[in-house]
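See structure below.
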Amino acid sequence: MTAMVAMELKHCEKVIERRVGCISTLGAVLTTLVAYALLAVMAVEAWATARYYHTREASFVAFFTGLLLWGSFCWWWRGKIHDAYDNLTTRDKLLKEGLLKGAP
């Protein structure tokens, strides 16, 4: 769930950065706030589970395994999102300058 929320946060960051429109930006800001609240709840739940049901070693193994598996995938996917939004920005500039004709 954390990896999914992190990817959604990247989308929201790019929408806010591009300032697409008032409604889109407001939606992205609200989604960002809810996502951070969800991350806080998940962190508390993970801490409670690790504290009461797992040994210290098991908690560290789980943390580093999750970081390796999901963290690397999430980092790769965030790069893909960044590249896609950069391509949109370049396309928008070309359309405004008249160097690119037509719809997608």
Exercise. Tell me, do Leu9 and Thr31 make a side-chain contact under 4.5 Å, heavy atoms counted?
Worked result: no
Exercise. Is any side-chain heavy atom of Trp47 closer than 4.5 Å to a side-chain heavy atom of Val44?
Worked result: no
Rounded to the nearest 0.5 Å, how far does [atom2] of [Y] lie from [atom1] of [X]?
| X | Y | atom1 | atom2 | answer |
| --- | --- | --- | --- | --- |
| Trp77 | Ser72 | CH2 | OG | 14.0 Å |
| Leu38 | Met1 | CG | CE | 5.0 Å |
| Glu13 | Ile81 | CD | CD1 | 9.5 Å |
| Phe64 | Leu69 | CZ | CG | 13.5 Å |

Do [X] and [Y] share a hydrophobic cluster (ILVMFWY, side-chain heavy atoms under 4.5 Å, transitive)?
| X | Y | value |
| --- | --- | --- |
| Trp70 | Trp75 | no |
| Phe63 | Val61 | no |
| Val34 | Met42 | no |

Grab the two heavy atoms, one from [X] and one from [Y], that are nearest each other, plus how far apart they are.
| X | Y | value |
| --- | --- | --- |
| Ser59 | Ala50 | OG-CB, 3.5 Å |
| His54 | Thr49 | CD2-O, 3.6 Å |
| Ile16 | Val29 | CD1-CG2, 3.8 Å |

